[in-house]
2 protein chains.
Amino acid sequence: MSAQIETTSNSGLSEDEVLRQIEQAVLDHRLPPGTKLKEVQLANLFGVKRGLIRKVLTRLAHSRLVDQTPNRGATVAKPSVKEGQDLFATRRVIESAILETLSARVDAGMIRHLRKLLASEQNAYRRGNSEKALALSVDFHRQLASLAGNSVLDEYLNDIIRRTPLVILTHLGDDDQNRCRNQEHAAIVDALEQGNAKKAVKVMNRHLLHIESKIRHKPETAHADLATLLRPQSERASA
Amino acid sequence: MSAQIETTSNSGLSEDEVLRQIEQAVLDHRLPPGTKLKEVQLANLFGVKRGLIRKVLTRLAHSRLVDQTPNRGATVAKPSVKEGQDLFATRRVIESAILETLSARVDAGMIRHLRKLLASEQNAYRRGNSEKALALSVDFHRQLASLAGNSVLDEYLNDIIRRTPLVILTHLGDDDQNRCRNQEHAAIVDALEQGNAKKAVKVMNRHLLHIESKIRHKPETAHADLATLLRPQSERASA
DNA sequence: TGATAAATTATTGTTAACAATTTTAATATC
DNA sequence: GATATTAAAATTGTTAACAATAATTTATCA
């Protein structure tokens with residue numbers, strides 16, 4: 001369990017800051033789904049009282065980033081396949097709406113801003129700085145929402161962004177293939193610059209579907225071979 | 001302050017139940033925006049300890065139903081005009097997506113279910129039972145989301161539904177003109193039955209725009225007439 | 001009489017202690 | 001050695017008390 005620790009030794013963090021840091025740890029793939037979040041441990045890590053941690057966990061559970069079970073504590077959420085599919089489908093709806101809204105109000109300054117972001121993102125990829133690239137990819141989507149100027153869509157997109165890693169890590173694993181494709185970000189900005197909302201939306205849908213289409217029920221092994229199952233463990237490993 | 005009290009005298013309510021009741025009071029227009037929510041008072045009303053109320057208020061604040069200010073307590077939220085506009089615009093996005101999703105999977109049983117709901121709603125309007133009609137109108141929207149089967153869209157719609165009264169009461173007042181028009185609900189179900197998603201979406205947009213279009217900045221009186229302002233109060237009243 | 005300061009009350013914020021439940025480790029039994 | 005039982009430790013849930021802050025009331029002064 002490795003939530004980032006940023007704390008001053010004599011005074012603990014605020015509730016909001018603890019919340020933010022745990023959210024960021026999820027986003028950075030540092031907190032895998034299923035991770036047990038123990039109150040006393042977190043309180044010690046962040047240099048705060050347990051009461052504050054309990055408040056933070058309540059909020060995280062309310063946002064569905066955390067599963068809380070009575071008397072058993074909190075774990076990082078593990079969304080089902082259906083939830084994962086629903087989340088991505090909803091993400092397509094929200095991101096499309098953001099692009100349509102943004103397309104109607106985009107100006108040269110905004111395009112410049114987005115292009116700068118893209119350049120940083122490409123640079124991070126080129127240097128092989130995986131963490132940085134991930135953060136900038138995420139920020140690209142956030143910036144679209146922010147520039148679109150609808151605070152409710154912004155809010156929901158940020159909610160979705162926070163939950164997306166849980167789906168990916170639970171069902172697909174931490175693999176570069178399951179991340180944003182940078183060239184599609186560029187194509188979205190191009191379309192926005194051309195005032196072509198339809199095209200932007202189309203690229204965005206493709207962008208999300210490249211991950212979404214991989215989220216499915218894993219077929220059960222229909223009829224497990226009993227002989228294989230009953231063989232001693234050491235023999236099984238070499239089979 | 002009149003949150004509904006449903007409690008057993010010897011044992012208080014669960015956290016979830018207190019949350020639900022406060023949410024319902026907002027939805028029923030019983031808790032106007034700006035209402036002060038005092039912890040000790042709520043604890044007494046619901047027969048619970050103050051700690052539980054604090055948890056509930058945290059959750060309500062996280063959902064933006066409540067504004068919490070440090071050392072000053074919690075009040076029922078008063079969304080700005082912009083937030084109100086953003087919320088309705090987002091509502092149109094979400095409800096449209098729900099209808100599109102539902103249209104692709106609707107069956108005769110679902111139509112029957114919706115028609116029953118419509119009948120109850122019409123009945124309540126006919127009898128002049130305003131509270132009941134409001135509840136059934138809200139439920140209509142919820143049922144569309146539930147039948148559509150995307151849990152994330154469902155979640156967001158419910159969030160929006162909880163926040164909508166705050167916008168309406170803050171900016172438009174508690175007036176039947178600011179409620180759902182029942183015949184539009186019927187038209188939506190007709191369109192769904194005909195497999196006409198486009199039509200359903202169109203009616204829904206009109207349905208929401210009839211309220212949304214009234215949410216705007218009230219024009220400031222540009223240049224107050226000094227003579228009028230300085231006139232004694234009694235003379236002013238008759239002018 | 002109105003404005004300001006001081007006192008009192010009400011409310012929110014925090015805490016450590018204890019209760020309740022779960023998990024882990026140790027011990028006993030077969 | 002495997003399983004069951006018991007004990008101990010860890011963790012979560014709750015609470016009342018107290019601290020800190022804000023709101024209201026009362027007293028004082030010009």
Side-chain angles (χ1 to χ4, degrees), chain A residues 1-3 5 7-22 31-32 34-78 230 232-234, chain B residues 1-3 5 7-22 31-32 34-78 232-233:
Chain A
M1 223 232 15
S2 56
I5 317 155
T7 184
T8 308
S9 52
N10 61 339
S11 72
L13 300 173
S14 71
E15 185 182 320
D16 285 345
E17 189 56 25
V18 172
L19 183 77
R20 197 197 63 77
Q21 289 196 25
I22 293 174
L31 274 187
T35 306
K36 176 84 182 194
L37 303 174
K38 298 185 185 187
E39 296 175 5
V40 175
Q41 192 178 5
L42 288 175
N44 291 335
L45 277 176
F46 290 110
V48 298
K49 293 294 188 294
R50 192 158 70 87
L52 187 145
I53 297 293
R54 293 182 62 75
K55 287 199 83 174
V56 168
L57 290 177
T58 296
R59 288 167 70 183
L60 290 168
H62 204 63
S63 303
R64 297 172 193 253
L65 290 183
V66 162
D67 285 326
Q68 266 185 323
T69 313
N71 292 313
R72 290 172 187 282
T75 56
V76 178
K78 285 182 121 176
L230 294 176
Q233 192 86 305
S234 55
Chain B
M1 220 222 31
S2 58
I5 318 156
T7 183
T8 307
S9 52
N10 60 340
S11 71
L13 300 172
S14 71
E15 185 183 321
D16 285 346
E17 190 57 26
V18 172
L19 182 77
R20 196 196 63 78
Q21 289 195 24
I22 294 173
L31 275 186
T35 307
K36 176 84 184 198
L37 303 174
K38 299 184 182 189
E39 297 175 2
V40 175
Q41 193 179 6
L42 287 176
N44 291 335
L45 277 176
F46 289 109
V48 297
K49 293 294 186 293
R50 190 158 69 88
L52 187 144
I53 296 295
R54 293 182 63 72
K55 287 199 84 176
V56 169
L57 290 176
T58 296
R59 287 167 71 184
L60 289 168
H62 204 64
S63 303
R64 298 171 194 255
L65 291 183
V66 162
D67 287 326
Q68 263 186 327
T69 313
N71 292 313
R72 289 172 189 283
T75 56
V76 178
K78 286 180 117 174
Q233 191 88 307

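Letters A, B, ... are given to chains in the order of the sequence lines, protein chains preceding strands, and every chain is numbered from 1.
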*Among B:R20, B:K55, B:R54, find the residue that satisfies the salt bridge (Lys or Arg N to Asp or Glu O under 4.0 Å) test when tested with B:E15.*
B:K55

_Contact list for DNA chain D against residues 66-76 of chain B - heavy-atom distance below 4.0 Å_ =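 By residue number: B:N71, B:R72.
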
Rounded to whole angstrom units, what separation is found between the [atom1] atom of [X] and the [atom2] atom of [N]?
{"X": "B:K49", "N": "C:dA20", "atom1": "NZ", "atom2": "P", "answer": "13 Å"}
{"X": "B:L52", "N": "D:dA16", "atom1": "CG", "atom2": "P", "answer": "13 Å"}
{"X": "A:E15", "N": "C:dT14", "atom1": "CD", "atom2": "C1'", "answer": "12 Å"}
{"X": "B:I53", "N": "C:dA10", "atom1": "CD1", "atom2": "P", "answer": "19 Å"}
{"X": "B:K55", "N": "D:dT15", "atom1": "NZ", "atom2": "P", "answer": "12 Å"}
{"X": "A:E39", "N": "C:dT15", "atom1": "CD", "atom2": "P", "answer": "15 Å"}
{"X": "B:Q41", "N": "C:dA10", "atom1": "CD", "atom2": "C1'", "answer": "12 Å"}

If you compare all heavy atoms of [X] against all heavy atoms of [Y], which two are closest, and at what distance to 0.1 Å?
{"X": "B:A77", "Y": "B:R64", "answer": "CB-O, 3.5 Å"}
{"X": "A:P32", "Y": "A:V76", "answer": "O-CB, 3.5 Å"}
{"X": "A:K36", "Y": "A:T75", "answer": "CA-CG2, 4.0 Å"}

*B:L42, B:L13, B:V18 screened by side chain to side chain contact (heavy atoms under 4.5 Å, CB included) with B:L52, the one that passes*: B:V18

*Only one of A:V56, A:D67, A:L57 clears side chain to side chain contact (heavy atoms under 4.5 Å, CB included) with A:L37; which?*
A:L57

_Nearest-nucleotide comparison on DNA chain C, the residue closer to the 5′ end among B:R54 and A:R50_ =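 The residue closer to the strand's 5' end, by nearest nucleotide, is B:R54.
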
_To the closest 0.5 Å, what do you measure between CG (B:N44) and NZ (B:K49)?_
10.0 Å

*Tell me, do A:K38 and A:I53 make a side-chain contact under 4.5 Å, heavy atoms counted?*
no

*Is there side-chain contact between B:L19 and A:H62, with heavy atoms separated by less than 4.5 Å?*
yes

*Measure from the side chain of B:K38, starting at C-beta and using heavy atoms only, and say which of C:dT14, C:dA17, C:dT11 lies closest.*
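Nearest to the side chain of B:K38 among the choices is C:dT11.
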
_At 10 degrees resolution, what angle do the end axes of the helix from C:dT1-D:dA30 to C:dC30-D:dG1 form when each is taken over five base pairs?_
10°

